[in-house]
2 protein chains.
Amino acid sequence: MILLTRNITSYSMDTKKLIEMLREKGFKVTPQRLAIYEKILANKEHPTVDQIYQEVQKKFPTLSLTTVYHTLHLLTKIELLQELRCNNGVSRYEPDKTPHINIICQNCGAISDYQSKNVENFLLQLKKELKTKLLGNHFEIQTICEKCRKQG
Amino acid sequence: MILLTRNITSYSMDTKKLIEMLREKGFKVTPQRLAIYEKILANKEHPTVDQIYQEVQKKFPTLSLTTVYHTLHLLTKIELLQELRCNNGVSRYEPDKTPHINIICQNCGAISDYQSKNVENFLLQLKKELKTKLLGNHFEIQTICEKCRKQG
DNA sequence: AAGTTAATTAATAATCATTATAGTATATTT
DNA sequence: AAATATACTATAATGATTATTAATTAACTT
């Protein structure tokens, strides 16, 4: 597997950012890492680990699930991703975005985003109020989605 | 085990509420259920399932873990509790309370509560804005706590 | 107070997301 | 282009949670 690490001009802004951050911290830039990150950026549905695995496997048939887990932890560690723990102990991932709320169904695990000026202001205000540094640009709130509510 | 179900005057407000809700939905009022709920109300540390099991077992030595899981799911279903999925896929539980934020350390799983007038107003406002019915009176936000941050 | 129904217990096994291990491959440095 | 440190892969292990029994116990109804 050949990666032209010295010429990153063909990559997207986000991927370039990842490459720089990996280099900066002494981690290696591998095609698996880039592909996993790109897939999460492209997928707006807050994919699960397994979904990411399935999708990236199409491009790299030998990809192992362990690598996906390892990469997701690494990217979370360097704060490019946040892990969302939903129902059934299944993790989902999302990249940093504009301030929003993740409304998480406790039954099926579906996540819907909600944005508003109020949310944005509140998050900014909160970051000022709190001494503790927060991760990401979102907070989470629980619901039972319409679909699940109908089914009882 | 004798429970004077017709005289609930000696119970706390919260326990009375539980008893009423169980009756209303046709579930039986058992001392285990009351004890588990009371323990969660008394423990402000958002206990894990195993911690609840350990503590309530002191009062009911024959208590089984299965009962604890079953009861917690039941109380969550009737919306007296919310399940918090933290790190390592371990569930913690908390009762409905005044509006607050659970600031959850993604490393060690520790949860610290945060309350303010802003939080309260925002949550009220949010419930008006959203069509979806929310569970509980809190939302969750991620951090790495001071202790973990120091340890790297 | 007896009958009915549901809950609890116990012991075990199954599930399934996640983590650990160890050998092989590859990115990066020189 | 070789050296070396890290990453990747495959497999096995872990561990919280669920499921399955079946027997016992206890709550609730009339």
Side-chain angles (χ1 to χ4, degrees), chain A residues 1-8 18-20 22-37 47-54 56-57 59-78 83-93 106 109, chain B residues 1-8 18-20 22-37 47-54 56-57 59-77 83-93 106-107 109:
Chain A
M1 203 151 296
I2 296 155
L3 187 69
L4 301 175
T5 57
R6 285 169 212 289
N7 176 12
I8 66 170
L18 169 59
I19 293 174
E20 274 164 31
L22 289 173
R23 291 244 176 84
E24 195 179 296
K25 312 237 178 192
F27 297 114
K28 289 184 175 166
V29 177
T30 69
Q32 289 91 339
R33 284 174 178 173
L34 302 188
I36 289 166
Y37 187 53
T48 64
V49 178
D50 201 63
Q51 284 165 352
I52 297 163
Y53 174 55
Q54 301 290 341
V56 179
Q57 217 180 24
K59 194 170 174 185
F60 299 104
T62 66
L63 182 73
S64 81
L65 191 53
T66 310
T67 299
V68 179
Y69 273 106
H70 189 246
T71 300
L72 293 171
H73 288 159
L74 180 67
L75 299 189
T76 301
K77 191 103 184 175
I78 64 179
E83 185 181 12
L84 308 176
R85 298 210 169 253
C86 304
N87 68 324
N88 302 95
V90 177
S91 293
R92 290 166 181 263
Y93 282 85
Q106 294 305 105
Chain B
M1 203 150 296
I2 296 153
L3 186 71
L4 302 173
T5 57
R6 285 169 213 289
N7 177 11
I8 66 170
L18 169 58
I19 292 173
E20 274 165 31
L22 288 173
R23 291 244 176 83
E24 196 178 296
K25 312 237 177 193
F27 297 115
K28 288 182 176 169
V29 177
T30 69
Q32 289 90 339
R33 286 174 176 173
L34 301 186
I36 288 166
Y37 187 54
T48 63
V49 177
D50 202 63
Q51 283 166 352
I52 297 163
Y53 174 56
Q54 302 291 340
V56 178
Q57 216 179 24
K59 195 171 174 187
F60 299 104
T62 66
L63 182 73
S64 79
L65 191 54
T66 309
T67 300
V68 179
Y69 273 108
H70 189 245
T71 301
L72 292 172
H73 287 160
L74 180 68
L75 300 189
T76 301
K77 190 101 185 174
E83 186 180 12
L84 308 176
R85 297 213 169 249
C86 304
N87 67 325
N88 302 95
V90 178
S91 292
R92 291 165 181 265
Y93 283 85
Q106 295 303 105
N107 189 241

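No experiment lies behind these values; they were computed from the predicted model shown. Naming: A, B, ... by sequence-line order, numbering from 1 per chain.
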Under 4.0 Å: is that the gap between some side-chain N or O of [X] and OP1 or OP2 of [N]?
X: B:Thr30; N: C:dA7; value: no
X: A:Arg33; N: D:dC8; value: yes
X: B:Ser64; N: C:dT8; value: no
X: B:His73; N: D:dT18; value: yes
X: A:Ser91; N: C:dT18; value: yes
X: A:Tyr69; N: C:dT18; value: yes

So [Y] and [X], do their side chains get closer than 4.5 Å, heavy atoms only?
X: B:Thr30; Y: B:Thr67; value: no
X: A:Lys25; Y: A:Ile78; value: yes
X: B:Leu63; Y: B:Gln32; value: yes

Inset, instruction - Output the single nucleotide from C:dT28, D:dT18, C:dA27 whose closest atom is nearest the side chain of A:Pro31. - result: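 For A:Pro31, the side-chain atoms sit closest to C:dA27.
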Inset, instruction - Ignoring hydrogens and angles, answer whether the base of C:dA20 and the side-chain atoms of A:Thr66 contain a donor-acceptor pair closer than 3.5 Å. - result: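 Flag set: donor-acceptor pair detected.
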Legend entry - Closest-nucleotide 5' rank along DNA chain D - winner of A:Thr71 and B:Val49: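 Mapping each residue to its closest nucleotide by heavy atoms, the 5'-most match is A:Thr71.
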Inset, instruction - For B:Val90 and for B:Lys28, find the nucleotide of DNA chain D with the closest heavy atom, then tell me which residue's nucleotide is more 5'. - result: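 Going by which nucleotide is closer to the 5' end, it is B:Val90.
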Legend entry - Sugar-phosphate, base or nothing in reach of A:Thr67, heavy atoms under 4.0 Å: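 Base, at least one base atom sits under 4.0 Å.
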Inset, instruction - Determine the contact category for A:Thr48: base if any of its heavy atoms lies under 4.0 Å from a base atom, sugar-phosphate if only primed atoms, P, OP1 or OP2 are that close, otherwise nothing. - result: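 The answer is nothing, as A:Thr48 stays clear of every strand by at least 4.0 Å.
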Inset, instruction - Describe, as an angle rounded to 10 degrees, how the axis at the first end of the helix from C:dA1-D:dT30 to C:dT30-D:dA1 is tilted relative to the axis at the last end, five pairs per end. - result: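 Axis-to-axis angle, ends of the helix: 50°.
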